[in-house]
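Letters go in sequence order (proteins before strands), and every chain restarts at 1.
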Amino acid sequence: MTRIRLYNTRTRAKEDFAPIDPANVRMYVCGPTVYDRAHLGNARPVIVFDVLFRLLRHVYGPDHVTYVRNFTDVDDKINAEAQRRKDAGDPRSLEDLIRERTDETIRWYHEDMAALGNLPPAAEPRATEYIGQMIAMISDLIARGHAYEKAGHVLFRVRSYEGYGKLSGRSVDDMIAGARVEVAPFKEDPMDFVLWKPSTPDLPGWESPWGRGRPGWHIECSAMSHELLGDSFDIHGGGIDLQFPHHENEIAQSMCAHPESEFARVWMHNEMLQVEGRKMSKSLGNFFTVRDLLDRGIPGEVIRFVMLMTHYSRPMDWTEKKRHEADKRLDTLLPALTIALEKGRPPSGAWRDVPRAIRDSLSNDLNTADAIACLEMAGDLLVKAHRGDLVHQSGDRVDLTQLQSSS
RNA sequence: GGCGGGUUGGCGGAGAGGUUACGCAGCGGAUUGCAAAUCCGUGAAGACCGGUUCGAUUCCGGUACCCGCCUCCA
């Protein structure tokens with residue numbers, strides 16, 4: 001069996017991957033807050049973990065991998081957008097407008113991610129559908145002494161979990177010294193974070209033992225991953241920006257609620273995306289969505305290719321120059337690989353080794369750049385093997401999806 | 001301030017303690033009515049200072065610079 005090696009943020013080492021249950025390899029990836037179109041930065045983890053999903057399916061079998069990616073549909077930005085529509089004269093209730101906004105955003109997300117060649121996960125839970133599980137987990141944390149209620153809020157007692165800070169390599173004391181946290185008067189400790197907070201009558205809320213309120217951001221992933229993947233699962237992924245505080249807090253919640261479990265064994269984080277050498281942000285004016293690029297006529301496979309040219313653990317710079325390079329490389333590569341898929345593989349020993357070379361590259365902590373190089377060498381061999389048969393049709397492209405499943 | 005990542009040829013970007021990454025651009029050539037596309041060939045690297053080693057771009061230490069997270073945004 002192929003030996004998959006993955007860099008584990010938790011242990012800061014590249015490790016052999018050994019699933020808890022090879023018959024059901026389980027992976028959870030933090031998904032988007034559904035208030036607007038997915039931007040290009042949202043696409044990177046989706047593509048990175050799609051490659052991992054495909055690799056796991058290839059190695060353990062398509063029916064033996066469970067991939068869960070959530071939708072956060074409780075959020076101030078969603079409420080604000082719904083309120084804007086209401087203020088603009090929409091007669092429907094805020095609740096209806098929120099539902100409409102999240103539904104349409106999820107629909108867009110599915111369209112855009114499919115256009116980038118990503119497979120759908122097995123489950124895509126919405127936070128609002130798991131409020132009951134969150135309340136149960138919070139109650140449990142209070143009962144175990146890891147959380148407390150104050151002024152309608154429920155807070156996680158950071159000092160009650162000795163492992164707090166381990167994932168991101170910080171100590172509670174260092175963080176307090178940094179002092180960039182909001183210190184609410186009802187917190188026992190400045191680093192304590194919200195599990196549940198009160199809601200106002202006009203905003204969405206759910207009845208709870210602590211009054212009508214809404215969950216904090218982090219608890220949803222703990223509750224949903226537990227519900228769908230169990231006490232312990234194999235891989236937890238997301239952007240490096242989530243390492244702290246989101247993932248740190250998830251670990252604290254889940255480990256304290258289920259002390260006998262391991263929660264997630266392997267933590268994987270993709271580095272951030274930049275645009276023309278700068279952080280993509282609304283304030284810098286270099287912010288754009290996946291849809292913006294698709295509408296400009298940039299094919300999804302070009303976007304995917306650019307993303308996979310750079311290793312996931314390194315910052316990736318989206319540039320016009322790189323987009324052009326990806327376009328050219330695909331123009332050469334795809335016709336050659338189309339031949340492979342249509343005519344079958346020539347009896348060349350070199351080509352026979354290509355699927356293995358690609359699998360080995362991807363198994364080495366998802367070395368997609370190396371896998372692409374393997375494909376290009378294979379393409380070169382194919383063109384030579386079929387010289388005369390090749391009719392170059394740059395407009396006739398195969399789906400990158402096929403390429404990866406064929407490996 | 002705390003934490004983390006990076007510095008490879010004109011550009012993007014990998015692996016590997018000693019042997020061609022791969023590609024984009026460039027250059028030379030083939031083909032083409034011109035051009036484009038395509039094909040063949042080709043030069044070019046490892047921030048700086050030390051250390052380990054027979055040998056380091058690859059390991060260790062330091063310096064400089066760049067970047068990200070900790071803040072609405074992944």
Side-chain angles (χ1 to χ4, degrees), chain A residues 7 9 12 29-33 35-49 69 72 75-77 80 165-182 191 217 237-248 269-274 277-284 286-290 305-306 308-333 335-336 357 360-361 364-380 383-384 387-388 390-395:
Chain A
Y7 182 81
T9 311
R12 290 159 204 279
V29 173
C30 289
T33 301
Y35 68 101
D36 204 354
R37 284 273 185 192
H39 63 242
L40 193 60
N42 294 124
R44 171 118 104 142
V46 177
I47 291 169
V48 164
F49 291 106
R69 188 180 59 214
T72 299
D75 185 83
D76 286 339
K77 291 186 291 297
K166 200 156 167 266
L167 179 73
S168 51
R170 332 165 172 223
S171 73
V172 176
D173 293 322
D174 285 348
M175 287 185 273
I176 291 169
R180 287 183 77 170
V181 284
E182 174 198 359
M191 291 309 296
W217 170 37
I240 188 71
D241 57 317
L242 297 178
Q243 186 184 23
F244 185 87
H246 184 55
H247 290 161
E248 198 72 72
H269 293 98
N270 61 276
E271 251 291 353
M272 309 304 280
L273 175 127
Q274 293 176 276
R278 310 208 58 180
K279 175 183 175 171
M280 181 173 81
S281 72
K282 285 168 180 164
S283 53
L284 287 173
N286 62 352
F287 182 95
F288 50 87
T289 65
V290 171
F305 194 95
V306 169
L308 297 180
M309 275 166 65
T310 303
H311 189 80
Y312 76 87
S313 66
R314 314 260 292 213
M316 200 231 95
D317 197 10
W318 174 274
T319 63
E320 188 54 29
K321 200 168 181 177
K322 210 183 270 186
R323 194 231 89 227
H324 177 256
E325 181 183 333
D327 211 33
K328 296 279 292 182
R329 291 175 79 168
L330 282 169
D331 262 357
T332 307
L333 180 59
D360 287 350
S361 297
N364 180 21
D365 198 30
L366 305 181
N367 191 339
T368 50
D370 196 47
I372 289 170
C374 292
L375 276 172
E376 285 178 326
M377 286 187 276
D380 200 44
V383 169
K384 288 186 167 102
R387 191 174 304 289
L390 175 59
V391 178
H392 196 81
Q393 294 176 301
S394 61

A:H246 and A:W217 aromatic ring geometry - parallel, tilted or perpendicular at 30°/60° bounds
parallel

Taking the same atom, C1', in B:G12 and in B:G26, what whole-Å distance lies between them?
15 Å

Salt bridge flag under 4.0 Å for residues A:K322 and A:E325:
no

Distance between the P atoms of B:G55 and B:A14, in whole angstroms?
30 Å

Can you tell me if A:R314 uses its side chain to pair, donor with acceptor, with the backbone of A:M272 under 3.5 Å?
no

With sugar-phosphate meaning primed atoms plus P, OP1 and OP2, does A:L273 contact a base, only sugar-phosphate, or nothing at under 4.0 Å between heavy atoms?
base

Taking only the side-chain heavy atoms of A:A373 (C-beta and beyond), determine which of B:A74, B:C22, B:C24 contains the nearest atom.
B:C22

I'd like to check the side chain to side chain donor-acceptor pair (under 3.5 Å) partners of A:E271; sequence neighbours left out, ordered by chain and number.
none

Would you please say whether a donor-acceptor pair under 3.5 Å links the side chains of A:Y312 and A:D365?
yes

Residue whose closest nucleotide on RNA chain B lies nearer the 5' end, A:K322 versus A:Q274
A:K322

Between A:T33 and A:H311, whichever has its closest RNA chain B nucleotide further toward 5' is A:H311

Expressed as a whole number of Å, how far does the P atom of B:A25 sit from that of B:C39?
11 Å

Atom NE2 of A:H324 to atom C1' of B:A25: distance rounded to whole Å?
9 Å

Please report the distance separating the P of B:A45 from the corresponding atom of B:A37, rounded so that it comes out in whole Å.
28 Å

So what does A:M309 hit on the nucleic acid, given a heavy-atom distance under 4.0 Å: a base, only sugar-phosphate, or nothing?
sugar-phosphate

Can you find a side chain N or O atom of A:K279 that sits less than 4.0 Å from OP1 or OP2 on B:C69?
yes

Which nucleotide, B:G13, B:G23, B:A25, lies nearest any side-chain atom of A:T310?
B:G13

Heavy atoms from C-beta onward define the side chain here; which of B:C70, B:G23, B:G13 lies closest to that of A:F244?
B:C70

Gap in Å between the two P atoms, one belonging to B:G1 and one to B:G9, rounded:
31 Å

With rounding to whole Å, what would you report as the distance between B:G17 and B:G51 at their C1' atoms?
15 Å

Atom NE2 of A:H269 to atom C1' of B:C70: distance rounded to whole Å?
14 Å

Cationic tip of A:R170 within the cone over A:F244's six-membered ring, i.e. under 6.0 Å and within 45° of the normal?
yes

Whole angstrom is fine here: how far is it from CG in A:D360 over to C1' in B:A14?
15 Å

I'd like to know if the side chain of A:N42 and the backbone of A:H39 have a donor-acceptor N/O pair within less than 3.5 Å.
yes

Rounded distance in Å between the P positions of B:C70 and B:U52
42 Å

Hey, could you give me the NE2/OG1 distance between A:H269 and A:T9, rounded to the nearest 0.5 Å?
5.0 Å

OG1 on A:T319 to CE on A:M316, rounded to 0.5 Å
7.5 Å

Euclidean distance, A:E376 CD relative to A:R329 CZ, rounded to 0.5 Å:
4.0 Å

Taking atom P of B:U71 as reference, at what distance in whole Å does atom CE of A:M280 sit?
20 Å

Take atom CG of A:N364 and atom C1' of B:A21, then tell me their distance rounded to the nearest Å.
14 Å

Distance only, no hydrogens: is a donor on one side chain within 3.5 Å (strictly under) of an acceptor on the other, for A:D327 and A:H324?
no

Taking CZ from A:F305 and C1' from B:A14, how many angstroms apart are they, rounded to a whole number?
13 Å

Are any of A:N367's side-chain N or O atoms less than 4.0 Å away from OP1 or OP2 of B:A14?
no

Within the structure, does a side-chain N or O atom of A:K321 lie under 4.0 Å from either OP1 or OP2 of B:G10?
no

Taking B:G15 as the reference, what is the distance to B:C3 when you measure between their P atoms (whole Å, please)?
27 Å

B:G23 P sits how many Å from A:D331 CG, rounded?
15 Å

Can you check whether A:K279's main-chain N or O pairs, donor with acceptor, with A:N286's side chain at less than 3.5 Å?
yes

Protein-to-nucleotide contact annotation, 5' to 3' order, nucleotides 3-9 of chain B [B base; S sugar-phosphate only; - none; under 4.0 Å, heavy atom]:
SS-SS--

Under 4.0 Å from OP1 or OP2 of B:A25: is there any side-chain N or O of A:K328 that close?
yes

The side chain of A:D241 is closest to which nucleotide in this list: B:C69, B:C24, B:G23?
B:C69

Gap between atoms CD and P, on A:E376 and B:A14 respectively (whole Å):
14 Å

Both distances under 3.5 Å, Watson-Crick or G-U wobble: on that basis, could you give the dot-bracket string for RNA chain B, with [ ] for crossing pairs and | for other-strand partners?
(((((((..(((.....[...))).(((((.......)))))....(((((..]....))))))))))))....

